[in-house]
J.: 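Below are the structure tokens for one structure; questions will follow.
This structure is a prediction, so every number in the text was calculated from the model and none was measured.
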2 protein chains.
Amino acid sequence: METARKILVVDDESDILDFITYNLKKEGYLVATAFNGAQAIEVSKTFKPDLILLDVMMPVMDGIETCAHLKSLPEFAKTFIVFLTARAEEYSEIAGFQAGADDYIAKPIKPKVLITRLNAILRRKEKEETASTKLIVGDITIDRDSFLVYRGTEKIQLARKEFELLFLLASKPGKVFTRDYILEKVWGDEVLVVDRTIDVHIRKIREKLGDDYIGTVKGVGYKFEI
Amino acid sequence: METARKILVVDDESDILDFITYNLKKEGYLVATAFNGAQAIEVSKTFKPDLILLDVMMPVMDGIETCAHLKSLPEFAKTFIVFLTARAEEYSEIAGFQAGADDYIAKPIKPKVLITRLNAILRRKEKEETASTKLIVGDITIDRDSFLVYRGTEKIQLARKEFELLFLLASKPGKVFTRDYILEKVWGDEVLVVDRTIDVHIRKIREKLGDDYIGTVKGVGYKFEI
DNA sequence: GGGCAGGGTTAAATTAATGTTAACCGATTA
DNA sequence: TAATCGGTTAACATTAATTTAACCCTGCCC
């Protein structure tokens, strides 16, 4: 049972607003509009859009600010935000990703492209919502939607890094992950943290889950025990 | 005798395609492109890429579908698939890894990062291809992934040097390895250890595995008994 | 038998790697 | 502003891996 998807379009130019609105409505989307960031936030609260199409360049409160603001509100954490950017050239420098944008579409907008991309994005969102995101290994269940870990039926709360670390190890039970690899995957490329940091997180996981789930292979790394 | 690595880049936006292609070619890679998943599968069959760089978000057939499909075909089981994800997502949020992706790179893409990462990934792939992760000799199985040795079904834990030493000997069962060679391979060039050290490690392996697996050839070295 | 070459064995010494704790910092929240 | 939480680090403790040293076989040759 499919209900129509709701899209909020935000742009300070009313021609563009009209143009996009027209095309989206033709596709069967429910559309709301706003002229600036402040208005967008206002409207969002009642309209509860599935996706927000946000012009980067706006007076008063620009797209990036708006996006950052929206993403900071828990109720919109799962709302997709797509930027409209002036040109794709420097797409590698789109600051919006830092603000939490999920994708972007380059102007000038071609109706066909707009529609295909939005369809793709929403389809993906749907999949993410439906798809079970659970990882089950032995009596441990890791659910990345709720950010919870279960041992049997007992709920266990892990902090973010702990969660990511456990998730990584559990994604290939039995395989030993080297410290370098763990750092790259959980901490990222640029971040440089000291070796002990991993140990401390491992310790916290063991403290919460029990000592039998994560094994140490000295001189090599850690693994999830099967 | 290195032949250039082949990379297939898949994205629905031609700017991105061009941008990535340009950077990869500059690095000496052979590059093919595709606009969507269906095309990617088509091209792969003739181009036989070593690695596929796959945008997650695409209309028609998205990255995850495409990846799952490719991985289901035996001929691409060993092709590395790397996702391009829009957000800088946490590891566990990458839905794609369940579809069999080997790695991911977050947009926006910085050319330098892209190249570094791909080089690293391809190096890893090469290593995996050369050094098989599992070694089976008689009733002994040596598994690099988990750093475990099995005698029959019995799990045996070896320390790192012991493991490397056994792995070396077992890589050519029956062949006698001289002490010098063993030192070079297991200990490395710089390290200078006394001769007895090898004996002690051999002894520990025999202690854990049994006396019948490693043979001594006086005046020459050691070998794995067939 | 004595001596020696080549390992084998053991335990002690050393070093490397990880575990643990407490403290600090910054962000967020009460 | 205090309090809490997550993340990180530094300092120290603990444990295990590795190496060394000392001594023991065994076979061989004179």
J.: Do the side-chain N or O atoms of B/Tyr222 get closer than 4.0 angstrom to the phosphate oxygens (OP1, OP2) of C/dG6?
T.: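 Result: no.
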
J.: I need a per-nucleotide contact map over nucleotides 25-30 of chain C, read 5' to 3'. Cutoff is protein heavy atoms under 4.0 Å; write B for the base, S for backbone only, - otherwise.
T.: ------

J.: Provide, to the nearest angstrom, the distance between the CG atom belonging to B/Leu165 and the C1' atom belonging to D/dT19.
T.: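 About 14 Å, once rounded to whole Å.
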
J.: Would you call the rings of A/Tyr181 and A/Phe177 parallel, tilted or perpendicular, taking 30° and 60° as the class edges?
T.: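 Correct class here is tilted.
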
J.: For the pair made of NZ in A/Lys223 and P in C/dT18, what is the distance, rounded to whole Å?
T.: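 Answer to the nearest Å: 14 Å.
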
J.: Quick one: is B/Trp187 getting a side-chain N or O under 4.0 Å of the D/dT19 phosphate, OP1 or OP2?
T.: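 Answer is yes, contact under 4.0 Å.
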
J.: Using the side-chain contact (heavy atoms from CB on, under 4.5 Å) rule, take A/Leu209 and A/Ile156 through it: C-alpha gap first, then chi angles, then the decisive distance, then the call.
T.: CA-CA 8 Å; A/Leu209 280 192; A/Ile156 299 169; 3.5 Å; yes

J.: Is the backbone N or O of B/Leu169 less than 3.5 Å from a side-chain atom of B/Lys172, with the two atoms forming a donor-acceptor pair by type?
T.: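 No, B/Lys172 side chain to B/Leu169 backbone: no donor-acceptor pair under 3.5 Å.
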
J.: Please say whether the positively charged group of A/Arg144, taken as NZ for Lys or CZ for Arg, lies over the ring of A/Phe163, i.e. under 6.0 angstrom from the six-membered ring centre and within 45 degrees of the axis.
T.: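 Judged by the rule (NZ or CZ under 6.0 Å from the ring centre, within 45° of its axis), A/Arg144 is not positioned above A/Phe163.
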
J.: What's B/Phe163 touching, base or sugar-phosphate or nothing? Going by heavy atoms closer than 4.0 Å.
T.: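 Nothing, no heavy atom under 4.0 Å.
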
J.: Please say whether the positively charged group of A/Lys6, taken as NZ for Lys or CZ for Arg, lies over the ring of A/Phe47, i.e. under 6.0 angstrom from the six-membered ring centre and within 45 degrees of the axis.
T.: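 Yes, a cation-pi geometry.
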
J.: Could you list the protein-to-nucleotides 28-30 of chain D atom pairs, N/O on both sides, closer than 3.5 Å?
T.:
none

J.: For B/Glu162 and D/dT18, what is the distance between atoms CD and C1' respectively, to the nearest whole Å?
T.: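 My rounded result for the distance is 9 Å.
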
J.: Hey, can you tell me if A/His201 and A/Trp187 have their rings parallel, tilted or perpendicular (30° and 60° cut-offs)?
T.: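 It falls in the perpendicular class, over 60°.
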
J.: Within the side chain of A/Arg179, is there an N or O that forms a donor-acceptor pair under 3.5 Å with the backbone of A/Gly221?
T.: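 Not a single qualifying donor-acceptor pair exists.
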
J.: Near DNA chain D, which residues from residues 193-221 of chain B have a heavy atom under 4.0 Å away?
T.: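 Heavy-atom cutoff 4.0 Å gives B/Val193, B/Val194, B/Arg196, B/Thr197, B/Val200, B/His201, B/Lys204.
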
J.: Check for a donor-acceptor pair, side chain of A/Lys185 on one end and backbone N or O of A/Leu165 on the other, with a separation under 3.5 Å.
T.: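 No, because the side chain of A/Lys185 does not come within donor-acceptor range (under 3.5 Å) of the backbone of A/Leu165.
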
J.: State whether the side chain of B/Arg151 and the backbone N or O of B/Asp139 hold a donor-acceptor pair below 3.5 Å, judged by distance alone.
T.: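 No; judged by distance alone, with no hydrogens or angles, the pair does not exist.
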
J.: With no hydrogens and no angle check, is any side-chain donor or acceptor of A/Gln39 less than 3.5 Å from a backbone partner on A/Phe35?
T.: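 Answer holds: yes.
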
J.: Provide the closest heavy-atom pair for A/Ala40 versus A/Val10 in the form atom of the first, atom of the second, distance.
T.: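 Taking every non-hydrogen atom into account, CB-CG2, 3.7 Å.
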
J.: Round to the nearest Å and state the distance from B/Gln157 atom CD to D/dT15 atom P.
T.: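 After rounding, the reported distance stands at 18 Å.
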
